[in-house]
Amino acid sequence: MFIEQRQIDSNEERRITFTSNILITLIFVFLFFSFWNLQVLKKDHYSLLSTQNILKEVEIKAPRGIITDRNGKILAENRLSFNLFIIRENVTNLEESVKSASELTELSVDIIRERIRDFRNYPGFYKILLKRDLDFKKVIFIESRSDIYPEFTIDQEPARRYPYGSSASHVLGHMAELSPDKFEVMKKEGYALGDMAGVSGVEKNYESELRGVRGRRMVIRDNIGQIKKTLNVEEPEIGESLVLTIDIKLQEFIEELYGDYNGATGVVDLSTGGLVAMVSKPNFDPGFFSSSFTNKEWLALINDDKKPLHNKFIQGLYSPGSTFKIVMAIAGLNEEIITARTSTTCYGSRKIYNRVFHCWNRRGHGSVNLIEAIQHSCNIYFYQLGKKTDIDIISDYGVLLGLGKRTLIDLPNENKGLLPSRKWKLENLGEKWYPGETISVAIGGGMITSTPGQLLSMISFVALRGKRPQIHLIKEIRRGGDKLKEFTPVFEKVNIREEIFETVIEGLYKAVNEEGTGRGAMVEGLEICGKTGTQLILSLENPDYKKLVKLRKFTPHSWFVSFAPRNNPRYASVIFVENGGDAGRIAAPIAGKIYRRLFESE
Amino acid sequence: MNDFLKFFDKITFMILILLIATGAMLIFSAVQGGDNNYFIKHLIKIAISLLLFSAVFMIKTETIFRWSFALYIMLIVILILQLLTGKIISGTKSWIKMGVLSIQVSEFIKIPLALILSRYLVKIPILNWRTFVRVIAMVIVPFVLIALQPDMGTAFILVSFILFSILLRKIKISIVIISLFVFAAGSYGMWNYMFKPYQKERIISFANPSKYSKSSGYQIIQSRIAFGSGGLTGKGYMKGSQSRYKFLPTRHTDFIASVLGEEFGFLGTSFLLLLYLILFYRQFNFRVSSGEEFYFIYLFSGLILFQFIVNILMVTGLFPVLGIPLPFVSYGGSSMLAFMIGEGIIFKMKVENFLQQK
């Protein structure tokens with residue numbers, strides 16, 4: 001019965017069944033061994049790849065230490081900034097990514113391309129910063145479309161905020177993102193690509209204190225890099241905070257006194273050497289560097305003719321002008337070339353070494369002794385003194401008083417200035433010194449240059465009768481509420497008889513209080529002592545002097561170095577006004593206003 | 001009824017239920033944290049499939065064979081109409097919308113095609129040029145229509161019918177060789193004129209996955225990572241990171257086996273292989289008295305075997321990614337429905353065969 005119903009040959013059927021059994025056996029043995037190979041033998045290899053897919057260590061940037069003024073007013077703090085990055089390994093079409101990045105950041109396609117090109121030697125998973133401080137609306141827009149933009153990520157990180165805007169900009173300095181070149185150098189210290197670091201001011205000088213310690217977070221990411229889970233967090237540690245010696249209110253007050261003039265001012269508390277104000281005009285906005293600035297704005301800032309990033313107080317090199325007469329007086333007295341009573345008659349000009357030298361007062365000062373010469377800033381007196389003093393002695397006294405060497409203030413990139421000597425000229429110009437050159441040096445002219453900071457150091461030395469305070473900006477370094485370090489005042493003592501200082505100070509006192517050149521600084525009740533300096537840009541011999549001097553750029557620079565009160569002085573200051581004109585009318589009154597404010601507030 | 005229960009192939013049915021349950025469980029894991037609708041929809045489709053599986057038992061095998069050609073023609077007409085008017089859903093025109101459920105007509109052509117082929121193979125003594133060309137013609141018509149949709153995966157599976165026809169009937173070796181030559185020429189033509197760029201890329205990337213690690217080679221690499229990192233015992237149910245964090249592509253459909261491999265390891269994949277092995281062994285070794293039924297069981301089970309192999313080779317990186325679901329396991333209602341209807345017919349044949357012998 002079974003056989004009858006078959007329409008198919010049973011041999012045939014057996015052949016087919018046999019063949020297919022062999023076939024499936026072979027297939028399954030093959031599949032079984034491929035799975036054995038893939039899952040058991042290669043497990044370690046693929047487990048590693050699987051872990052690499054999801055696990056990622058994410059850095060948490062440390063908030064930077066806070067900077068306050070001496071009264072606890074916050075000068076620099078942190079806010080949150082949303083920064084846009086591109087990750088090359090997630091890019092499918094570079095041209096399209098560049099285009100969308102340009103739309104999102106409003107930066108030009110070329111800038112985006114250049115940024116990406118800058119990091120072309122870095123591995124594909126490196127996050128390349130495209131823009132800092134993204135607008136919050138854009139942040140939401142991008143985050144909500146992470147599936148469309150797998151190549152972009154946004155990180156929150158602390159950024160600098162400066163509540164007083166551009167005030168005290170040169171004290172604080174500014175931050176900038178590490179360039180790839182700089183990163184190569186700083187990577188050893190644990191910096192990451194795209195980190196910001198201080199490049200000027202105390203932000204730079206105290207970078208290692210302010211920086212803090214970055215945290216770490218182990219996270220699980222999905223296929224488009226979105227964080228799904230955090231496994232383990234090592235919190236970042238905020239940087240140490242700085243308390244400056246600056247009084248921000250005084251700083252602002254001085255900055256306003258400058259009006260549209262440029263220049264530099266330093267005011268030092270003589271009991272410690274701490275600067276209560278350090279001004280360099282024009283200011284810049286340090287917050288600009290942590291904002292989302294455009295390339296054009298940046299170029300405009302660094303190419304500005306007025307050089308706002310330049311700190312005139314420690315970097316500006318100018319002839320000290322008549323303020324240098326203080327050095328000459330001390331040198332003359334201590335070397336016993338002159339005494340306080342030595343006098344000279346000033347006729348307005350004098351022929352020395354066959355050349356006519358002028359006094360600023362063409363009608364002449366008549367007979368003047370040293371004190372009167374300082375009081376009225378008589379050039380002829382100091383030409384005479386210069387003629388009798390060797391250039392090397394002048395140079396030595398200059399160094400003794402703080403010129404021609406760095407003040408060692410706690411700021412980066414300080415300039416040294418120049419105090420010429422025989423040796424210097426021979427080494428640098430290959431020429432011997434001509435005595436005629438000494439005459440110009442005697443009134444602070446010639447090749448001599450100094451920074452406002454050096455002149456502040458000099459006048460402090462005089463005010464304290466031979467004790468030079470180390471000028472500085474940091475009062476304390478704190479962590480949380482605890483003081484870590486406090487600046488202990490350092491004074492350098494020089495052995496010069498006190499009566500020499502008293503003689504010079506007598507002149508400085510009279511210059512302000514008894515109708516001298518510094519009378520513009522006089523404040524009733526404050527015994528201010530000071531010396532003006534009006535440094536000509538044009539030579540008096542220039543035939544067009546009278547016409548040209550009216551142009552701002554040919555107007556002389558104004559100096560005023562001073563301290564108060566005369567006995568047991570509390571503060572010293574240097575005022576420098578670029579192209580300010582007559583120092584007695586421009587620089588000296590600024591000093592007067594500063595002292596009035598300083599003593600009023602007590 | 002008692003006889004029915006006695007002769008119903010309970011072991012093979014158990015295997016099918018285990019495959020379907022494994023699939024549902026894996027789909028639940030694969031779509032976790034995403035659209036849970038997939039799981040619910042899949043359960044509904046399983047229910048409908050079981051319903052249709054039982055419904056097939058109401059119809060006599062004879063009736064099924066009698067209507068098969070008309071059904072074949074009807075589905076061909078629908079495929080043509082679809083090509084002319086169909087809307088494009090996820091890149092192809094293969095879907096017909098029926099309320100919330102979409103139906104892929106191309107999946108159903110397998111059943112009448114297997115039926116008419118087995119009827120034809122019984123009638124002919126040997127595969128000669130005339131008869132072999134007819135077999136090919138019956139397969140090539142739906143193949144081309146489906147490939148044009150374009151759905152290369154589903155079309156490609158139909159090739160198994162030709163292979164199994166050769167196995168089932170004697171054929172001259174010269175015919176096979178010449179056919180292979182024509183096939184090669186045809187493939188070359190298809191490569192240049194029919195494949196879409198993304199399909200070409202998939203096939204090229206298969207040869208060198210790491211070079212294409214961000215596009216389609218990426219899928220192969222991630223799938224291999226899923227299997228490999230699963231190890232012997234797996235990462236645990238719902239705990240596969242490749243699947244959970246979406247590194248696995250189309251993990252609820254084509255790459256469902258990778259989810260199994262990652263979460264249950266080599267033991268899981270071996271279990272799956274074992275289920276399939278028992279299924280194929282039992283279907284291929286059943287002695288049925290009628291020739292056309294015997295051919296149908298072989299052609300239809302052969303198709304499932306072929307699809308199973310292609311899918312497994314694809315997810316382990318040994319075959320280009322073509323978009324072919326794993327039978328009974330992957331998400332995809334039309335494929336499930338078609339397979340369960342086909343299995344229904346096979347189960348019915350077996351029961352009837354016992355009843356006749358008795």
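Numbered from 1 within each chain, the chains take letters A, B, ... in sequence-line order.
In this structure, OG in B:S229 is found 9.0 Å from CD1 in A:I54, a value given to the nearest 0.5 Å. Annotation: the span from A:S20 atom OG to B:N285 atom CG amounts to 6.5 Å, rounded to 0.5 Å. Put simply, CZ on B:F247 and CG on A:D222 are 6.5 Å apart, with the number rounded to the nearest 0.5 Å. To the nearest 0.5 Å, atoms CZ (B:R244) and NZ (A:K229) are separated by 5.5 Å. Once rounded to the nearest 0.5 Å, the distance linking CG of B:L168 with CD1 of A:I16 reads 5.0 Å. In this structure, CG on B:L277 lies 7.0 Å from OG1 on A:T25, to the nearest 0.5 angstrom.
Remark: B:I173 CD1 is loosely packed, at most 12 non-hydrogen atoms of other residues, nucleotides or ligands lying under 6.0 Å away. A 6.0 Å sphere centred on CZ of A:F18 holds no more than 12 heavy atoms belonging to other residues, nucleotides or ligands. More than 12 heavy atoms of other residues, nucleotides or ligands lie within 6.0 Å of NZ in A:K138, so this atom counts as buried by the packing criterion. The neighbour count for B:E62 CD, taken as heavy atoms of other residues, nucleotides or ligands under 6.0 Å away, does not exceed 12. Atom CD1 of B:I11 has 12 or fewer heavy atoms from other residues, nucleotides or ligands within 6.0 Å. Within 6.0 Å of the CD atom in A:E96, the count of heavy atoms belonging to other residues, nucleotides or ligands does not exceed 12. The number of heavy atoms from other shown groups lying within 6.0 Å of NZ (A:K56) is above 12.
With contacts defined as side-chain heavy-atom distances shorter than 4.5 Å, the pair A:F35/B:F227 qualifies. Counting only heavy atoms from C-beta outward, the side chains of B:L318 and A:F30 approach each other to under 4.5 Å. A:K228 places a side-chain heavy atom less than 4.5 Å from the side chain of B:Y245. Residues A:R14 and B:R287 form a side-chain contact, since some pair of their non-hydrogen atoms from C-beta on lies under 4.5 Å apart. Residues B:L232 and A:K43 form no side-chain contact, since every pair of their non-hydrogen atoms from C-beta on lies 4.5 Å or further apart. Counting heavy atoms from C-beta outward, A:S34 and B:T316 have side chains that stay 4.5 Å or more apart.
Minimum heavy-atom separation, A:S50 to B:K235: OG-NZ, 2.9 Å. The shortest heavy-atom contact between A:R15 and B:L167 is NH2-O, 3.0 Å. Nearest heavy atoms, B:V288 versus A:E13: O-OE1, 4.0 Å. Between B:I225 and A:Y46, the closest heavy-atom pair is CA-CD2, 3.5 Å.
Taking the six-membered ring wherever Trp is involved, the centroid distance between the rings of B:F266 and A:F32 falls below 6.0 Å. The aromatic ring centroids of A:F28 and B:Y281 lie 6.0 Å or more from each other.
Residue contact with chain B, scored on non-hydrogen atoms closer than 4.5 Å, is absent for A:L41. When heavy atoms are compared at a cutoff of 4.5 Å, A:L38 approaches chain B by way of both its backbone and its side chain. Contacts of B:I312 with chain A are made by side-chain atoms alone, with heavy-atom separations under 4.5 Å and no backbone atom involved. For B:L248, no part lies under 4.5 angstrom from a heavy atom of chain A. Only the side chain of B:Y298 has a heavy atom closer than 4.5 Å to any heavy atom of chain A. When heavy atoms are compared at a cutoff of 4.5 Å, B:I309 approaches chain A solely by way of its side chain, counted from C-beta outward.
In this structure, A:Q39 contributes its side chain and B:G261 its backbone to a donor-acceptor pair below 3.5 Å.
Inspection of the B:Q222 and A:N53 side chains reveals an N or O donor paired with an N or O acceptor under 3.5 Å.
Ranked by heavy-atom pairs under 4.5 Å with chain B, the first of A:L31, A:T51, A:L48 is A:L31.
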